[in-house]
There are 2 protein chains.
Amino acid sequence: MMPTIRDVARHARVSVGTVSNVLNGSSLVKDETRQRVMAAIETLGYHPTAAARSLSTQRTNTIGMIRSEIRLQGNLIETDPMVLDLIDGITSEAINSSIGLTFWAIPAGQREMELYRRLVTSRQIDGLILFALREKDPRVAYLQEQAFPFVIFGRFESMEGDNWIDVDGAAGIEAAVRHLAELGHRRIAYLSPPHEQSLTRLRWQGFVRGMEEMNLSIDPALIYEGDFSEKSGQLGTHYFLDQPNPPTAIFCNNDRMAFGAMRAIQARGLTVGSDVSVVGFDDISLARYSNPPLTTLNQPIHDIGKALFNLLIKLINREPTDLLGGKLLKPELVIRQSTGRPR
Amino acid sequence: MMPTIRDVARHARVSVGTVSNVLNGSSLVKDETRQRVMAAIETLGYHPTAAARSLSTQRTNTIGMIRSEIRLQGNLIETDPMVLDLIDGITSEAINSSIGLTFWAIPAGQREMELYRRLVTSRQIDGLILFALREKDPRVAYLQEQAFPFVIFGRFESMEGDNWIDVDGAAGIEAAVRHLAELGHRRIAYLSPPHEQSLTRLRWQGFVRGMEEMNLSIDPALIYEGDFSEKSGQLGTHYFLDQPNPPTAIFCNNDRMAFGAMRAIQARGLTVGSDVSVVGFDDISLARYSNPPLTTLNQPIHDIGKALFNLLIKLINREPTDLLGGKLLKPELVIRQSTGRPR
DNA sequence: TACTTAAATTGAACCGGTTCAATTGGATGC
DNA sequence: GCATCCAATTGAACCGGTTCAATTTAAGTA
C-alpha cells in the first residue's frame, strides 16, 4: 500500500493540514516543521495521489487535444507531421508546469460531440486545444456555451474572442503568388484544402488577392480540392497537367500535397522548378531534403504550440490574456529549388 | 454546479448505491428502476466525475507515453513521423474503451526518472507505453521493480517478460542487404542508429549476417553513426562519398536519414538508384512520394500501436497476455526506385 | 397464511487529498 | 501577572464517486 498524507502526518508528528500546507508551499508553516515534514515525505517516498487532489481542487492538471478525423473520398486523412510538431511544442512547455496533454482520436460526427460532452462534464481535463477547425464548427459552439476553457490553432473568418492563434495563410499565399509572378509565371494552379476546413476560404482570399495584385487571371480549370494527403496532391497535379493549357506553377496548401505534386510532375518526365514550379505550405522538416528542396511557407509551429499552451493556462486560471482578438502570425516564404523561371 | 450522483438519486427516488449500479451496468437492478435512473441521468445531464471515480476505483482510465529526448551533437532529436503513426494506432484503439493517452516530453537524464517516479506513485496513469528503448534503460528497471504495468515498442537483446512488441529489424536488414547484393552491390555502407538505442546492436547483427551470407566484406570506413535526423543522413553520406573507395549502396536505419542521404547524393550530381542506391527503414507515408521513391522496410506501425494498447490493457487488468516472451513482427522490404543495379 | 429464499435496494464507510474555522502557544505590552 | 495579538497548528467536513453488509421487498413453497 502506498503511503497517504495521514501516514506522513503521523510520521512527522503533525496534522494532515500541515502536511498539505507544506506540499502546497504555504508560508504559514514554521521552517523547522517544514523540514520534519519534508523528511517524512522523503523517507516514506510519498507522492500525493492525483485523483484525490483533483477531487478536492477541481483541477486535473491535464489538458486535452482531440484528433477529429474527416473522411474524404472514403479515406481517413492521416495526421500531418505538422501536428506532431504542435504536440512537441505544447508538451515541451507543459512539462515545466507538470501538466499532461491527453489525446483522443475520433471521427467527426455524432460520436465526436459525445466525446466532447463527456470530457467537459466529467471534468477529465481542465481545458482543450482545438485545431483543424471546420466552418460552423459544432465543437466551438458547444465549448463556448459551456464556458469551458479552450484555445484554437486557427480561426474563423470573423472571430470574436481572444482564444485563438493562427498563421495568416492568406498573406503567405499572397507572397507565394507574388514570388511566382515575379519569376514570370502567369498560369498558376491552386491545390485547395478540403472545403469543410475554416481556413479554406481565408486562404482562397489570399490567392485571389495575390493574383489580382499581379494582374493574373484565375482559370477555374486550375483549381482542385485536395485533402492534405500526398495522394491528392498527385491526383490534382495530373488533373492540372492534363488540361489543354496546363499551368507552369502549382501552389499546394500543405507540404505533403506538394510532395505528391512533385512526384506527379516527375512521373511525366518533367522537371520541377523549370517545367513546373511547386510551392508548399508548412515547411515540415523534410521540405528542405526533398528533391528538389521545396519552396514553402514556414510557420513557427513549435512556438505556436508553446503559445497555445500558455494561453490556455491563462484561460483556465481566469487570468487576463493580454490578447485582443487572437494572435495572427505571418508565415515566412522560404525559397528553395522547387520554384524557378518558367521555360 | 454540476449534478452529482446524489442529485440523480434524489431525482429518481432511489439510493446512490442503485445509481452507481446502473452506471456500472450491474445486473442487480430491476429494469423499471433502471429506466427511472436513466431518465434522471438524462434530464439532469449527469456524467460521473472522473476524479471521484478514480479515487475509489484506483483507476484513471488513462495510459501514458513519454517522449524522452536524447541530445546528440547538441541538438534535440525531433520526433519521427513514425511516432505519430504509433500514436494514431494507440488512440484509434483506445477510443473504444474510453481510455485516453497522456503525453509528456522530457530530456533523458535525471529529471526523466523523477517524472516516471511521480507518474507511478501519484497514480496519474494506469500504465505506460515505452519506446526508443536505450541499452540498460533505467526506466525499464524502475517500472519492473515497481511492478507497474507497461509495454515496450522495441526490446532488449535478451528480454524476459511478455510485455514487448518489436519488429525484427535484423531480419529486415538482412533482407535489404540480400536485395542489394543480388542487384550486384558489393560495397554497402551502413548508416547506424545512435549507439545508446537498444535496437542498434540488434540491427547491426542483421547487417553483419546479411553481408556474411552474401560473402561481402564490411569496410569500417563505410560505417557512420547517425541520430535519425535528415541532417545526419546527409552528413554520413557525404562522409561515405568522400572515401577513396566509396560505396555503391547505403543502408539507412530510418527513412528520414535516407532522405538526407538521397539529398546528399543528388547534391553531388549523382543519381540515386544507379550511381548510389539507398534503402531506408520505416516506410513513412512520404517514402513512396520521394524522388526517387524510396526502397525501405515497412513496419505495420499502426497495428503495432493497436496491439501495444491491447497488451497494456491486459496487463493492467492482470489478464493473461497469451504472449510468451513478446511478439516479433517481420518488416517487409518494399522495393521502389531508390535501389537499382550499380553502374 | 406463514415461512423460506432470492432479488432488489439502501446508506454508511471509504478512497486521499484540501480547506478553513477553531485552537494552541509564545511573544509583547502595560 | 494578565490581557492582547499573531503565527502556527489542528482536525472535521468536504469533494463525488464505489462498495458491501444489512435490510427490505417480492416470489415461491408447503
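This one's a predicted model, so the numbers in the text were calculated from it and none came from an experiment. Reminder, nothing fancy here: chain letters follow the sequence lines and each chain counts from 1. Because only heavy atoms are used, hydrogens play no part in the values below, and waters and symmetry mates are left out as well, while side chains stay in.
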Item to check | Summary of protein contacts for nucleotides 10-19 of chain C, nucleotide by nucleotide, where a base hit scores B, a sugar-phosphate-only hit scores S (4.0 Å, heavy atoms) | outcome: BBB--BBBBB
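The pair B:Asp162-B:Lys327 does not meet the salt-bridge criterion, since no charged nitrogen lies less than 4.0 angstrom from a carboxylate oxygen. Salt-bridge check for B:Arg134 with B:Glu112: passed, with a basic side-chain N closer than 4.0 Å to an acidic carboxylate O. Under a 4.0 Å N-O distance rule, the pair B:Glu32/B:Arg36 qualifies as a salt bridge. Remark: B:Arg10 engages B:Asp7 in a salt bridge, criterion side-chain N to carboxylate O under 4.0 Å.
At a non-hydrogen distance threshold of 4.0 Å, B:Leu28, B:Val29, B:Lys30, B:Thr33 from residues 28-42 of chain B come into contact with DNA chain C.
At distances below 3.5 Å, at least one donor-acceptor pair connects side-chain atoms of B:Ser198 with backbone N or O atoms of B:Arg155. Counting only distance, with no hydrogens or angles, the side chain of B:Ser97 and the backbone of B:Ile99 share no donor-acceptor pair below 3.5 Å.
Side-chain atoms of A:Ile63 and A:Leu128, non-hydrogen and from C-beta on, never get closer than 4.5 Å to each other.
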